[in-house]
Amino acid sequence: MNIHNIPKIKHTESDNFFLLSGPCAIEGEEMALRIAEKLVGITDKLQIPYVFKGSFKKANRSRIDSFSGIGDEKALKILRKVSETFDIPTVTDIHTNEDAAMAAQYVDVLQIPAFLVRQTDLVVAAANTGKVVNLKKGQFMSPESMKHAVQKVLDCNNQNVMVTDRGTMFGYQDMIVDFRGIPTMQQYASTVLDVTHSLQQPNQTAGVTGGRPDMIETVAKAGIAVGVDGLFIETHFDPANAKSDGANMLHLDYFESLMTKLVAIRKTINTF
């Protein structure tokens, strides 16, 4: 995928990694605009190509009483408003074939969740919209197997596809990133490292996923060091009270410091 094919993407000549970042889920207009404004300011300052991320709904919840969204159309309209307000591209997850055409009216990148990346009809539905497609690597899949997921998009005459590693299951309640997979998947498509989901601790007895946000900087630095094309990092100004995935999100207050360090590492890597 050529990053220039993402509508509204900026700073593409900076030789920086690109960034997909925002809250796990759209909780409301004010929160989305607040987070986007902060991230746009940071990425403009550091010349990082940036895509705002927010899920318009969360279908893969552990418990039936977990937050799943504020309403599909309402959340998608908020994503459109973020895009129009800050002149930036947006990305959101889809979970059903019908979601693809609906979400494509509002966002620039359609993301296939890791649990669903082998669902051929869903991948094809996303590809057929003509939008950029981000394929999350299943926690249960090898890097090599993602070649076939990418090929499904290419076979739909859509060249705009990227792959995102979000860790591999390690036992029942932990994730681990195998950095050998990054160069492997880069043979198939531009490759992103999902830092925050790689630090999830799923399948907790309480039915609420845990996480290790204290390790975000470590994993992000390692990803840049091995030459990943992009990073995916979820963030919130109040992770403790976020309605989804708060346990592994980066606090918004720490975002600029981390990005500054990562840009410096990337600059060094680019000299080799």
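Asn270 places no side-chain N or O within 3.5 Å of a backbone atom of Lys267 that could act as its donor or acceptor partner. Here the side chain of Tyr50 pairs no donor or acceptor atom with the backbone of Ile42 at under 3.5 angstrom. Listed for the Ser14 side chain is a donor-acceptor partner under 3.5 Å among the backbone atoms of His11. The backbone N or O of Gln201 lies less than 3.5 Å from no partner atom in the side chain of Asp174, so there is not a single donor-acceptor pair. Between the side chain of Thr271 and the backbone N or O of Thr268 there is at least one donor-acceptor pair closer than 3.5 Å. Put simply, the side chain of Ser55 never gets that close to the backbone of Lys58: no donor and acceptor are under 3.5 Å apart. Panel note: side chain Thr129, backbone Ala104; no donor-acceptor pair is recorded below 3.5 Å. Under a 3.5 Å cut-off, the side chain of Thr191 and the backbone N or O of Gln186 do form a donor-acceptor pair. Using a distance-only test at 3.5 Å, with no hydrogens or angles considered, no donor-acceptor pair links the side chain of Arg166 to the main chain of Ala114. The main-chain N or O of Glu29 is never found under 3.5 Å from a side-chain atom of Lys81 such that the two would form a donor-acceptor pair.
A chain of hydrophobic side-chain contacts below 4.5 Å, direct or via other Ile, Leu, Val, Met, Phe, Trp or Tyr residues, connects Leu135 to Ile233. No single ILVMFWY cluster, assembled from side-chain heavy atoms under 4.5 Å apart, contains both Leu33 and Met249. Side-chain heavy atoms closer than 4.5 Å link hydrophobic residues (I, L, V, M, F, W, Y) into clusters, and following such links, possibly through other members, connects Leu116 to Val153.
Geometric assessment of Lys136 against the ring of Phe232 yields a positive cation-pi assignment under the 6.0 Å and 45° thresholds.
Side-chain contact between Asp72 and Met102 is present, with at least one heavy-atom pair separated by less than 4.5 Å. Contact annotation: the side chain of Tyr188 never approaches that of His148 to less than 4.5 Å [non-hydrogen atoms, C-beta and beyond]. Taking 4.5 Å as the limit, every side-chain heavy atom of Asp178 sits out of range of all side-chain heavy atoms of Pro143. Side-chain contact check for Val263 versus Ile224: every heavy-atom pair is 4.5 Å or farther apart. Here the side chains of Asn134 and Met1 are not in contact, with every heavy-atom distance at 4.5 Å or above. Val133 places a side-chain heavy atom less than 4.5 Å from the side chain of Asn158. In this structure, the side chains of Phe52 and Pro23 come closer than 4.5 Å at one or more pairs of heavy atoms. A 4.5 Å side-chain heavy-atom check between Val82 and Ile88 finds at least one atom pair inside the cut-off.
Atom CZ of Phe115 sits in a sparse spot, with 12 or fewer heavy atoms from other residues, nucleotides or ligands closer than 6.0 Å. Around CD of Gln187, the count of heavy atoms belonging to other residues, nucleotides or ligands within 6.0 Å exceeds 12. The local environment of CD in Glu37 is sparse, with at most 12 non-hydrogen atoms from other residues, nucleotides or ligands closer than 6.0 Å.
Side chains of His4 and Glu13: a donor on one and an acceptor on the other come within 3.5 Å. Between the side chains of Asp238 and Asn241, at least one donor N or O lies within less than 3.5 Å of an accepting N or O. If you check the side chains of Lys53 and Thr90, you find no donor sitting under 3.5 Å from an acceptor. In this model, a donor atom of one side chain and an acceptor atom of the other lie less than 3.5 Å apart for Lys8 and Ser83. Using a 3.5 Å distance cut-off with no hydrogens or angles, the side chains of Gln47 and Asn16 do not pair a donor with an acceptor. Side-chain polar atoms of Lys137 and Thr168 form a donor-acceptor pair below 3.5 angstrom. Under the 3.5 Å distance criterion, with hydrogens and angles disregarded, a donor-acceptor pair is assigned to the side chains of Asn5 and Asn160.
Salt-bridge formation is not detected for the pair Glu256/Lys38: no Lys NZ or Arg NE/NH1/NH2 atom is positioned less than 4.0 Å from an Asp or Glu carboxylate oxygen. Looking at Asp87 and Lys10, a side-chain N of the basic residue comes within less than 4.0 Å of a carboxylate O on the acidic one, giving a salt bridge.
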Could you walk me through whether Phe17 and Ile48 pass side chain to side chain contact (heavy atoms under 4.5 Å, CB included), step by step? CA-CA 7 Å; Phe17 54 90; Ile48 300 171; 4.0 Å; yes

With side chain to side chain contact (heavy atoms under 4.5 Å, CB included) as the test, would you mind laying out the steps for Asp229 and Phe18 before giving the verdict? CA-CA 7 Å; Asp229 299 298; Phe18 64 92; 3.9 Å; yes

Can Met169 and Met175 be said to form a side chain to side chain contact (heavy atoms under 4.5 Å, CB included), step by step? CA-CA 5 Å; Met169 286 301 297; Met175 311 290 295; 3.4 Å; yes

Please evaluate residues Asn248 and Arg212 with respect to the criterion side chain to side chain contact (heavy atoms under 4.5 Å, CB included), reporting the C-alpha separation (whole Å), side-chain torsions for both, the decisive distance (0.1 Å), and the verdict. CA-CA 6 Å; Asn248 54 271; Arg212 289 290 307 273; over 6 Å; no

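Closest approach of Cys156 to Val124, counting heavy atoms only: SG-CG1, 3.8 Å. Val91 approaches Leu20 most closely through the heavy-atom pair CG1-CD2, 4.1 Å. Summarising the geometry of Ile35 relative to His236, their closest heavy-atom pair is CD1-CA, 4.1 Å, with the distance given to 0.1 Å. Minimum interatomic distance between Ala75 and Phe56 (heavy atoms only, all atoms of both residues): CB-O, 3.5 Å. Contact detail for Met162 and Ala189: the closest heavy-atom pair is CA-CB, 4.1 Å. Minimum interatomic distance between Ala103 and Leu110 (heavy atoms only, all atoms of both residues): CB-CD2, 3.8 Å.
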